[in-house]
Structure formats: C-alpha cells, structure tokens
Amino acid sequence: MTDFLQQLIIGLRLGSVYALVALGYTMVYGIIRLINFAHGDFIMVGGYTLYFTVPILLHSMGLPAWTGVLAAIVICALVGVVVELVAYRPVRRKGTSMSALITAIAMSLLLENLAQAIPAMGPNPRVISDEIFSTAPISIGGVSVNMAAIVMAALQLFVQKTKLGRAMRAVSENKEASTLVGINVNRTIVTTFAIGSGLAAVAALMYCAQYHTVTTTMGSMLGLKAFVAAVMGGIGLIPGAMLGGIVVGIIEALVTAYISSSLANAVVFLILIVMLLVKPAGILGKNVGEKV
C-alpha cells in the first residue's frame, strides 16, 4: 500500500508537468483552433534559460535562485510571440488548417535543431543547478499546494473575470463578430501565445526539479504527452487540461512501476485511442453535433 501511494505521488508530480504544458496547448487551441506542436519545445527554451541564468543571478548579482524562473517566463513568452508573428500569423491569413498544422510541426523541428546548432547548448544533456530547487514549497494555511493547481485556478479566474479573458472567449467563439465589437483579434491572439508560452517556463521548472537535466529534445515526448492530456481532458477547457495531465501522469507512473517502463508511453497513447473512440470530446468535453 505504501508503494502504491508513493507511485501515486510520483504520478501527481509528473502529471502536474503535463498539466501545465497542456494548459498552454489548450489556450492556443481554444482561441485559434491550432495544435501548437512547437509548445513542447518552449519548455526546452525555458529549461536552458534556467540553466544559464540561475548561476548569474545567484552568484554574480546576489539575487535568489528562483528569480531565474521569471527570466525563463519572459524568454519563453518572447519566443512564443515571435513564433506567432513570424510563422503562424501569415499562415492564418493565407493558408489552411492543414498548412497551419504542418507549420507547427516545422517550428518544433526548427527550434530543436537550432538549439543543437548553438555551441553553448548542443546535443549533450546539461545538468541544471540544484540551488533553484531549495526554495520552500508553496503553502496556504500550512497545507502544501500544487503549483499546477494554482496556475490553473489563476487562469480560470483570468479567462472568466477579466476584460482580456472575455476578449479571448469572444475571439474563440467568433473572430469576425469580435472585430465588429472593437476587439483587437491579433493582439488578443499574441497575448494568448505569450501567456501559454510563459506557462512552459513554469513547466520547465517543475520538469527540471524532477530530472535536473535539460536537453534540446526534452520537449518532443513531453509535448506529445501533454497533447494527449489536453485531448483526454477536453482540449480547449482549462480544467480539462489539468485533469488530463494528472490522469496521464498517474497512468504512466503506475505502468512504469507495475508493468514495464518500456510500455509506459505505449499505454498512454493506447488510452488516447480508446478515449477518442469512446468519448472524442474528452472527459470534461461535450460532444456537439456539426451542422452540414
């Protein structure tokens, strides 16, 4: 029983990373119906930002190690905005949904290969400093709180209660009508990319806290599993992304512990296939008929 509870804790920690990445997926999909497969590589950008900035901030500037996370959020947000402006926006204007999907895959490969071509990064894993993980856990009323749960709650409140959040929901429903009521659609989309990409930096922190290494390809499988989590929970739904991430993390941990670590990925993707057959809208999604 103790071993089972330990595996559940491991699954929750891993699922929290998937949930944060899935939140980025679901925000972008919810507003422009694009599966941003480059989102996993934003985590790689955040991981390397932590690797390079933490020693400088800690030893040269005398700042706390956790301030490296703030730098990672800024860098990831900038990369996300540049990707949207340079790659996705032109395709949205002149391309199709298929060309947008291909562009997303191409951007993922571009970021990975570009990182490998930079001498300071390269193909070899880099060990990140343990000092950034020495900060006390977040607690409310003496109870430790999961960072992913805090982010999800904050995003849900942001989308539901703020003016920009309402603009995001309006754009996701109807871009043309949003323009008519004075919403700047392009600015709303760029802001969504910035927020979603910033979440990747927080996910990078949680990932590095578990594995303490960064590689140029770390975002590939991580991004795919987060995509599975987003679809499983109900892509486009913020609580669905959180739920899907936790489910995927627990499944992976239990399969690794009790069946085989080599089968963990296969089982995750198999469950996705079953989910698409049984409930394609996801756990929290609603099947909506399409008029033809």
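The figures that follow rest on heavy atoms only: side chains count, while hydrogens, waters and symmetry mates do not. No experiment lies behind these values; they were computed from the predicted model shown.
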key: Residues that, via side-chain heavy atoms closer than 4.5 angstrom, fall in one hydrophobic cluster with V74   = L78

Atom of G30, atom of S172 and distance for their closest heavy-atom approach = O-CB, 2.6 Å

D3 side chain reached by Y258 side chain, heavy atoms, under 4.5 Å = yes

task = Determine, step by step, whether L101 and F37 satisfy the side-chain contact (heavy atoms from CB on, under 4.5 Å) criterion, reporting the C-alpha distance in whole Å, the side-chain angles of both residues, the deciding distance to 0.1 Å, and the verdict.
result = CA-CA 8 Å; L101 181 62; F37 281 114; 3.2 Å; yes

request  = Decide side-chain contact (heavy atoms from CB on, under 4.5 Å) for F52 and I75; before the verdict, give the C-alpha distance in whole Å, the side-chain angles of both, and the deciding distance to 0.1 Å.
outcome  = CA-CA 12 Å; F52 288 117; I75 296 298; over 6 Å; no

ask   = Taking the hydrophobic residues Ile, Leu, Val, Met, Phe, Trp and Tyr, and joining any pair whose side-chain heavy atoms are under 4.5 Å apart, which ones share a cluster with V86?
value = V82

inquiry  = Tell me which pairs pass side chain to side chain donor-acceptor pair (under 3.5 Å) where either residue lies in residues 69-85, with sequence neighbours left out.
reply    = E84-R89, E84-R92

request  = To the nearest 0.5 angstrom, please state how far the CD1 atom of I43 sits from the CG atom of L222.
outcome  = 4.0 Å

message = Applying side chain to side chain contact (heavy atoms under 4.5 Å, CB included), can you list everything that pairs with L155, at least two apart in sequence or on another chain?
response = L23, M27, V151, I195, L199, I238

query = Under a single-linkage definition using a 4.5 Å side-chain heavy-atom cutoff for Ile, Leu, Val, Met, Phe, Trp and Tyr, are M221 and L270 assigned to the same hydrophobic cluster?
reply = no

Listed partners of Y29 passing side chain to side chain contact (heavy atoms under 4.5 Å, CB included), at least two apart = R33, I35, I235

inquiry  = As a quick check of understanding, evaluate side-chain contact (heavy atoms from CB on, under 4.5 Å) for I283 and M275, giving each step before the final call.
reply    = CA-CA 8 Å; I283 299 173; M275 173 65 70; 3.7 Å; yes

task = Could you state whether I10 and V21 fall into the same hydrophobic cluster, counting links through intermediate Ile, Leu, Val, Met, Phe, Trp or Tyr residues with side-chain heavy atoms under 4.5 angstrom apart?
result = no

message = Nearest 0.5 Å, please: how far is CG in L111 from OG1 in T217?
response = 13.0 Å

inquiry  = Could you walk me through whether T216 and E112 satisfy the side chain to side chain donor-acceptor pair (under 3.5 Å) test, starting with their C-alpha distance in whole Å, then the side-chain angles of each, then the deciding distance to 0.1 Å, before giving a yes or no?
reply    = CA-CA 6 Å; T216 56; E112 288 181 16; over 6 Å; no

key: Pairs satisfying salt bridge (Lys or Arg N to Asp or Glu O under 4.0 Å), at least one member in residues 150-169, at least two apart   = none

task = Please list all pairs passing the side chain to side chain donor-acceptor pair (under 3.5 Å) test where one or both residues lie in residues 36-48, with sequence neighbours left out.
result = N36-Y88, D41-S108

ask   = Would you say R126's side chain and M121's backbone share a donor-acceptor pair under 3.5 angstrom?
value = yes

key: Side chain to side chain, T215 and M218, heavy atoms closer than 4.5 Å   = yes

message = Please give the remaining members of the hydrophobic cluster of V81, linking ILVMFWY side chains under 4.5 Å, ordered by chain and number.
response = L85, V190

ask   = Hey, does the side chain of S260 reach the backbone of T256 with a donor-acceptor pair shorter than 3.5 angstrom?
value = no

message = Can you confirm whether M98 sits close enough to I102 that some side-chain heavy atom of one is under 4.5 Å from a side-chain heavy atom of the other?
response = yes

query = Does I9 belong to the same Ile/Leu/Val/Met/Phe/Trp/Tyr cluster as Y211, with side-chain heavy atoms less than 4.5 Å apart forming each link?
reply = no

query = Is any side-chain heavy atom of Y18 closer than 4.5 Å to a side-chain heavy atom of E252?
reply = yes

message = To the nearest 0.5 Å, what is the distance between CZ on R187 and CD1 on I189?
response = 12.5 Å

key: L224 CG to L272 CG distance, which is reported to the nearest 0.5 Å   = 10.5 Å

task = Write down the atom of L254, the atom of Q7, and the distance for their closest heavy-atom approach.
result = CD2-CB, 3.9 Å

key: Nearest heavy atoms of F193 and L34, plus distance in Å   = CZ-CD2, 4.3 Å

ask   = Is there a donor-acceptor pair under 3.5 Å between the side chain of S178 and the backbone N or O of A170?
value = yes

ask   = Is any side-chain heavy atom of V248 closer than 4.5 Å to a side-chain heavy atom of M232?
value = yes

ask   = Just by distance, do the side chain of Q210 and the backbone of R13 share a donor-acceptor pair under 3.5 Å?
value = yes

remark   = Members sharing I273's hydrophobic cluster, built from side-chain contacts under 4.5 Å between Ile, Leu, Val, Met, Phe, Trp and Tyr, are L277

query = Taking only residues two or more places apart in sequence or in another chain, which ones pass side-chain hydrogen bond (donor to acceptor under 3.5 Å, both in side chains) with T213?
reply = none

request  = Using the rule that two of Ile, Leu, Val, Met, Phe, Trp, Tyr join whenever any of their side-chain heavy atoms come within less than 4.5 Å, decide whether V159 and L157 are in one cluster.
outcome  = no

ask   = Is the closest side-chain heavy-atom distance between Y207 and V214 below 4.5 Å?
value = no

ask   = What is the minimum heavy-atom distance between L164 and F158, and which atoms define it?
value = CD2-CZ, 3.6 Å

task = Find the distance between CD1 (I271) and CD1 (I251) and round it off to the nearest 0.5 Å.
result = 3.5 Å

Main-chain N/O of G223 paired to Y25 side chain as donor or acceptor, under 3.5 Å = yes

query = At what distance, to the nearest 0.5 angstrom, does SG of C76 lie from CZ of F42?
reply = 8.0 Å

query = What heavy-atom pair brings L237 and L284 nearest, and what distance separates the two atoms?
reply = CD1-O, 3.5 Å

ask   = Checking T26 side chain against A22 main chain: does a donor-acceptor pair fall under 3.5 Å?
value = no

query = Considering residues at least two apart in sequence or located in another chain, which fulfil the side chain to side chain contact (heavy atoms under 4.5 Å, CB included) criterion with V91?
reply = S99, A100, T103

inquiry  = I need the minimum non-hydrogen distance between A194 and A77, along with the two atoms involved.
reply    = O-CB, 3.6 Å

request  = Not counting sequence neighbours, which residues clear side chain to side chain contact (heavy atoms under 4.5 Å, CB included) with L70? List them please.
outcome  = W66

